[in-house]
Amino acid sequence: MKIFVLGGGVIGVTTAYYLAEAGHEVTVFDRQKGPALETSFANAGEVSPGYASPWAGPGIPLKAIKWLLMKHGPLVVRPGFDPYMWTWLLKMLRNCTADRYAINKARMVPLAEYSRDTLKALREATGIAYDERTKGTLQLFRTQKQLDGTGGDVEVLKKYGVPYELLDPEGCIAAEPALAGVREKFVGGLRLPGDETGDCKMFTDRLAELCVARGVTFEYGTQIRRFTKNRNRIVSFGTDQRSRAADAYVLALGSYSARFMRLLRRPIPVYPVKGYSITVPIKDAAAAPVSTVMDETYKVAITRLGDRIRVGGTAEISGFDLRLHESRRRTLEHSVGDLFPDGGDLKAASFWCGLRPMTPDGPPLIGRTEFSNLYLNTGHGTLGWTMACGSAKVLSDIISSKVPDIDVRELGPERYLR
């Protein structure tokens, strides 16, 4: 088939790759000048199926109040007259129950594990390199209360067969030697040895090159304006220049996917939640992290990417606002400076933000819409890099009328119609 993929981030480019591998004629459209220049540009760098969990869970409403009051809290809400924001928040609150959390977690973990394995297979088949490391993730607990609260997480990891290690301080230092100098700042950790890290932007750039070698066309600098439909089919979409027609269309526009679905009068509950990062040049490799350290107190991920440290965090609910707030930079600098004080040059760090496309229940939206030739691959939240290859592969299978390797029947938009 002739297929148009709308969106050139990591989700769109991986989708294009697997569709091309399946024999389709693929064109990718994006408004930017190249791939991965928005949400995929400078994320935390984690490929972390072990952390594939919904944000909505038991106790989150009370925790949110605490986070909002913290000086370096992980949550920021900038309220405005935005009915989509408030509707999304209410839907999220409805998912903050033990039963809903269990259902949503069960939908996310298999996809995340499958995606990590699909990425490994892609790496072996193509030799693609992107400052990747396969040294796991260490969730670091600064307080005994945090450590004592891991029981529920461990039970979930056991249930899904995810390898894990509960570590005392010496075990944490064995995994991340640079923590030896701040031994007094933490009481233990939870290590997920199956997790990986890598530069999402670098990966997407190089995968786009592999796509071109397989016949995929990229049309950058293209503004998508509208869709033309006829009953239950999309006939074409319009750009600034003209209308374009294909046999099938994939909407992989991140948070902006919701805007186009509203134009089609088929709304989906995907809302942007802004995240921030700083990228810090390493000045002493021995004093920098080996892989990813998740600072549980501030919900900040500190990741080694080649000769850089990527520090990512914050959930800011402020619509499509892309302003950089210095208070968020100070939070990221505080976390990495506290745990790895000699690892990087903070004065030379670059500062960035991106809009994560979040669903209120947690799992992404993958599958066919009510239109017979329009498909979604969006709503991955903080797990877009983690879930990219798996999401793309299963969607390619669905479009190609193949049975996916894993059950993704509960990931389609129809789950919101019940």
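Note that the structure is a prediction, hence the values are computed from the model and not measured. Values below: every heavy atom of this structure, side chains too, minus hydrogens, waters and symmetry copies.
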Please tabulate, for the side chains in residues 187-197, all donor-acceptor contacts under 3.5 angstrom to protein atoms that are two or more places apart in sequence or on a different chain.
unit_1 : atom_1 : unit_2 : atom_2 : d
Arg191 : NH1    : Glu165 : OE1    : 3.3
Arg191 : NH2    : Lys135 : O      : 3.1
Asp195 : OD1    : Gly50  : N      : 3.4
Asp195 : OD2    : Ser48  : OG     : 3.4
Asp195 : OD2    : Thr137 : OG1    : 3.3
Glu196 : OE1    : Arg123 : NH1    : 3.0
Glu196 : OE2    : Arg123 : NH2    : 3.3

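- In this structure the side chain of Tyr17 reaches within 4.5 angstrom of the side chain of Leu122, judged on heavy atoms.
- A ring pair (Phe, Tyr, Trp, His ring centres under 6.0 Å) check over residues 284-315, counting only residues at least two apart or in different chains, returns the pairs Tyr298-His334.
- Residues Leu6 and Val250 are not in side-chain contact: their nearest non-hydrogen atoms beyond the backbone lie 4.5 Å or more apart.
- Every side chain to side chain contact (heavy atoms under 4.5 Å, CB included) that Glu326 has, sequence neighbours left out, goes to Arg329, Arg330, Phe351.
- The stretch residues 141-180 participates, sequence neighbours left out, in no ring pair (Phe, Tyr, Trp, His ring centres under 6.0 Å) pair at all.
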Q: Give the intermediate values and the outcome of side chain to side chain contact (heavy atoms under 4.5 Å, CB included) for residues Phe237 and Arg226.
A: CA-CA 6 Å; Phe237 81 92; Arg226 62 196 172 276; over 6 Å; no
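- Within the 4.5 Å cutoff, side-chain heavy atoms of Leu264 are placed close to those of Phe371.
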Q: Report the C-alpha distance between Leu19 and Val5 in whole Å, list the side-chain angles of each, state the deciding distance to 0.1 Å, and finish with yes or no for side chain to side chain contact (heavy atoms under 4.5 Å, CB included).
A: CA-CA 10 Å; Leu19 286 171; Val5 176; 3.9 Å; yes
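- For Thr87, the side chain to side chain contact (heavy atoms under 4.5 Å, CB included) partners two or more places apart in sequence, or in a different chain, are Lys91.
- Side-chain contact between Thr378 and Ile11 is absent, with no heavy atoms from C-beta onward closer than 4.5 Å.
- With sequence neighbours excluded, the residues satisfying side chain to side chain contact (heavy atoms under 4.5 Å, CB included) with Arg31 are Glu38, Gln223, Tyr256.
- In this structure the side chain of Ile309 reaches within 4.5 angstrom of the side chain of Pro289, judged on heavy atoms.
- Using a 4.5 Å heavy-atom cutoff, the side chains of Lys274 and Thr314 are not in contact.
- Looking at Glu176, its side chain does come within 3.5 Å of a backbone N or O of Ser291 through a donor-acceptor pair.
- Put simply, the side chain of Pro272 does not reach to within 4.5 Å of the side chain of Tyr84, judged on heavy atoms.
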Q: Under the side chain to side chain contact (heavy atoms under 4.5 Å, CB included) rule, what do Ile398 and Val408 come out as? Steps first, then yes or no, please.
A: CA-CA 10 Å; Ile398 290 169; Val408 292; 4.0 Å; yes
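- Annotation: cation-pi geometry not satisfied between Arg304 and Phe340 (NZ/CZ under 6.0 angstrom from ring centroid, within 45° of ring axis).
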